[in-house]
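The next block holds one structure in the form of structure tokens; read it before the comments.
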There are 2 protein chains.
Amino acid sequence: MRYPDDSLIALKENGYRLTATREAVNKVLYDHKGPFTIEMVSDALPGIGRATIFRTVRLFQDLGIICRVNMEGGAVRYQLASTGEHHHHFICTVCGVVTEFIDAHIDQAVNRQAQGADFELNSHTIDLYGVGSCCSKK
Amino acid sequence: MRYPDDSLIALKENGYRLTATREAVNKVLYDHKGPFTIEMVSDALPGIGRATIFRTVRLFQDLGIICRVNMEGGAVRYQLASTGEHHHHFICTVCGVVTEFIDAHIDQAVNRQAQGADFELNSHTIDLYGVGSCCSKK
DNA sequence: TAGCAATTTGATATTAAGTATCAATAAGGA
DNA sequence: TCCTTATTGATACTTAATATCAAATTGCTA
């Protein structure tokens, strides 16, 4: 997922309707970049009901357009997924920016662990918390 | 953390008072075993206010006695930590049971990733979702 | 072991995230 | 254009959690 239109295409491809509301939410996400909360989107689109924002965000999640990020304290952020693929997160605890990464090594080790423990693995999440280069003091 | 008294010792060692409420909550956790929600504890201890249950659970978390587990859908469970140490989770999506594991390999790979990305790593969480041996069909 | 300061608690209100309901509206294929 | 179906808004509700503050409890300490 790179361009705003990708979201709209994804909607159509999955049999969802292309509505003004969904376009508006999509635009806000792409204009804003960076992590966002439901509140932020809701504030940016006063004409659209809260419930619809939630619905749209959930739909975009399901389509892999955005990903949900659990902050350390339990707060929730969303962010455009740079890839719809499986990935992990660097989460900057200073500014909240989330960067994605892929690591075949880790995934392999995770699979080994699961096998060793007789655990039928369906999915996994890996979140790294710390200070990103975005906020590094140097 | 293995025995109920460990919690009480941890409280004292960290300068917290040993109260009837905290003992009661602790007992519920050890009697129940397995994952629990605030509701469950609250139901088991009708005489104790909800806010206090939350406070106590948070305190126990801070002391490493219990750990918080984010379920896939966003629900939250808590469970006695079998170790206060750094660890990761197998989360059975059928029954909710959480099993801990440690994997130096994964931790190493995680550290490498962080270094490579110029990310000052403070902590990380790894949660594996799937069907545990507890609920395996075989 | 009674007294007292500081911690803890309960009741209550509040916040935040999210879901449920349902009538009204909009999308898009025929 | 019409019509079925998906979507939306308003509203109420749920769940998880925190804030406030007076009242109760701890555990020194004299």
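Note on naming: letters A, B, ... go to the chains in the order of the sequence lines (proteins, then strands), and numbering restarts at 1 for each one.
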In terms of side-chain heavy atoms of [X], which of [options] is nearest?
| X | options | answer |
| --- | --- | --- |
| Tyr16(A) | dT8(C), dT7(D), dT18(D) | dT7(D) |
| Thr52(B) | dG10(C), dA17(C), dA16(D) | dG10(C) |
| Thr21(A) | dA11(C), dT11(D), dT8(D) | dT8(D) |
| Val76(B) | dA10(D), dA16(D), dT7(D) | dA16(D) |
| Lys12(B) | dA16(D), dC28(D), dA10(D) | dC28(D) |

Sugar-phosphate only, base, or nothing, as touched by Arg58(A) at under 4.0 Å among non-hydrogen atoms: sugar-phosphate
Sugar-phosphate only, base, or nothing, as touched by Arg77(A) at under 4.0 Å among non-hydrogen atoms: nothing
Take atom [atom1] of [X] and atom [atom2] of [N], then tell me their distance rounded to the nearest Å.
| X | N | atom1 | atom2 | answer |
| --- | --- | --- | --- | --- |
| Ile38(B) | dT15(D) | CD1 | C1' | 11 Å |
| Leu59(A) | dA6(D) | CG | C1' | 12 Å |
| Ile53(B) | dT8(C) | CD1 | P | 16 Å |
| Asn14(A) | dA27(C) | CG | P | 19 Å |
| Arg50(A) | dT11(D) | CZ | P | 14 Å |
| Asp62(A) | dT19(C) | CG | P | 10 Å |

From CG (Leu45(A)) to OG1 (Thr21(A)), nearest 0.5 Å: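 So the CG of Leu45(A) and the OG1 of Thr21(A) are separated by 8.5 Å.
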Shortest non-hydrogen contact from Gln79(A) toward Val98(A): NE2-O, 2.6 Å
Phosphate contact (dT26(D) OP1 or OP2) by Thr19(B) side-chain N/O below 4.0 Å: no
Donor-acceptor pair (no angle test) under 3.5 Å: Arg55(A) side chain, dG18(C) base: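 When only heavy-atom distances are counted, Arg55(A) does not reach the base of dG18(C) through any donor-acceptor pair under 3.5 Å.
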Donor-acceptor pair present, Arg17(B) side chain and dA6(C) base, under 3.5 Å: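 Pair found.
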